[in-house]
Amino acid sequence: MAKSPVIDLYFQCDMTGVPEEWLSEKSKLAVAECLLHPGTEDPVLPELEEIEVTLVTDETIAQVHGEFMDDPTPTDVITFHHGEILVSVDTARSVAEEHGNSVPEETFLYIIHGLLHLNGHTDLNEPERTEMHRIQEEILAKLIA
């Protein structure tokens with residue numbers, strides 16, 4: 001059986017209210033859970049040795065979004081198939097309550113979402129989007145219980 005990739009979190013923004021150690025520990029568990037759910041696209045997650053998750057501001061993620069996807073607006077998560085995931089903690093703060101999550105849970109959900117992208121999931125069309133969201137919610141519920 002292949003070894004799970006190592007996941008490292010880098011905190012490049014104000015993490016007030018989001019416990020870094022909790023998020024790091026939960027993210028390690030999420031790698032194993034996401035590996036159990038391959039998507040319809042080519043999964044790279046099983047092949048990676050390391051995943052880098054960088055937690056950033058809306059300003060930073062908007063710059064990257066503009067540079068790589070030609071959309072200079074903030075977004076929740078950007079995943080690069082070489083194993084890099086950017087997560088906007090600002091976005092998590094602004095939408096967590098309306099999604100029924102705490103800010104740490106919403107931030108963790110974005111990490112799960114990025115990991116599922118690395119494991120071959122896409123949210124660009126249906127029914128894949130609905131299935132991806134179902135799986136990420138299932139993983140979130142299991143790991144925060």
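All values below were derived from every heavy atom in this structure, side-chain atoms included, with hydrogens, water molecules and symmetry-related copies excluded.
- Cluster annotation: Leu23 is connected to Leu143 through the hydrophobic network of ILVMFWY side chains, with a link wherever side-chain heavy atoms come within less than 4.5 Å.
- In the hydrophobic clustering of ILVMFWY residues, with side-chain heavy atoms under 4.5 Å counting as a link, Val44 and Leu86 come out apart.
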Does Val64 form a side-chain contact (heavy atoms from CB on, under 4.5 Å) with Phe80? I'd like the steps, not just the answer. CA-CA 11 Å; Val64 174; Phe80 294 98; 3.8 Å; yes
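- In this structure, the side chains of His117 and Met132 come closer than 4.5 Å at one or more pairs of heavy atoms.
- Using a 4.5 Å heavy-atom threshold, the side chains of Ile51 and Val31 count as touching.
- The closest donor-acceptor contact from the side chain of His65 to the backbone of Asp71 lies under 3.5 Å.
- Side-chain N/O atoms of Asp90 and Ser88 include no donor and acceptor closer than 3.5 Å.
- Taking OG1 from Thr79 and CG from Asn119, the interatomic distance works out to 12.0 Å, rounded to the nearest 0.5 Å.
- Nearest heavy atoms, Glu20 versus Phe11: OE1-CD1, 3.4 Å.
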Under the salt bridge (charged side-chain N to carboxylate O under 4.0 Å, His left out) rule, what do Glu138 and Lys142 come out as? Steps first, then yes or no, please. CA-CA 6 Å; Glu138 178 183 297; Lys142 178 178 181 177; over 6 Å; no
For Glu137 and Ile112, run side-chain contact (heavy atoms from CB on, under 4.5 Å): C-alpha distance rounded to whole Å, both residues' side-chain angles, the deciding distance at 0.1 Å, then the answer. CA-CA 9 Å; Glu137 292 293 337; Ile112 295 167; over 6 Å; no
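- Remark: Leu115 CG to Ile85 CD1 distance equals 4.5 Å, nearest 0.5 Å.
- Between the Thr60 side chain and the Val56 main chain, no donor and acceptor come within less than 3.5 Å of each other.
- Across all their heavy atoms, Asp76 and Ile61 have their closest contact at O-CD1, 3.8 Å.
- Side-chain contact between Asn101 and Leu109: present, with at least one pair of heavy atoms (C-beta onward) separated by less than 4.5 Å.
- By the neighbour-count criterion of 12 heavy atoms within 6.0 Å, atom CD of Glu59 is sparsely surrounded, having that number or fewer from other residues, nucleotides or ligands.
- In this structure, CD in Glu84 is found 4.0 Å from NE2 in His82, a value given to the nearest 0.5 Å.
- When side chains are defined from C-beta on, His113 counts as touching Asp123, because their heavy atoms get closer than 4.5 Å.
- With Thr130 as reference, Glu126 is the one residue of Glu126, His133, Glu128 to meet the side chain to side chain donor-acceptor pair (under 3.5 Å) rule.
- More than 12 non-hydrogen atoms from other residues, nucleotides or ligands lie less than 6.0 angstrom from CG of Asn125.
- Between atom CD of residue Glu33 and atom CG of residue Leu116 there is a gap of 10.5 Å, rounded to the nearest 0.5 Å.
- Residues His121 and Glu41 bring no donor and acceptor atom of their side chains to less than 3.5 Å of each other.
- You'll find the side chain of Pro43 stays beyond 4.5 Å of the side chain of Leu118, heavy atoms only.
- Separation of atoms CG (Asp42) and NE2 (His81) is listed at 8.0 Å; rounding is to 0.5 Å.
- When every heavy atom of Pro74 is checked against every heavy atom of Ala62, the shortest pair comes out as N-CB, 3.7 Å.
- In this structure, OG1 on Thr107 lies 8.0 Å from CH2 on Trp22, to the nearest 0.5 angstrom.
- Counted within 6.0 Å of CD on Glu98, heavy atoms from surrounding residues, nucleotides or ligands total more than 12; the atom is thus considered enclosed.
- A pairwise comparison of heavy atoms in Glu50 and Tyr10 identifies OE2-OH, 4.2 Å as the closest pair.
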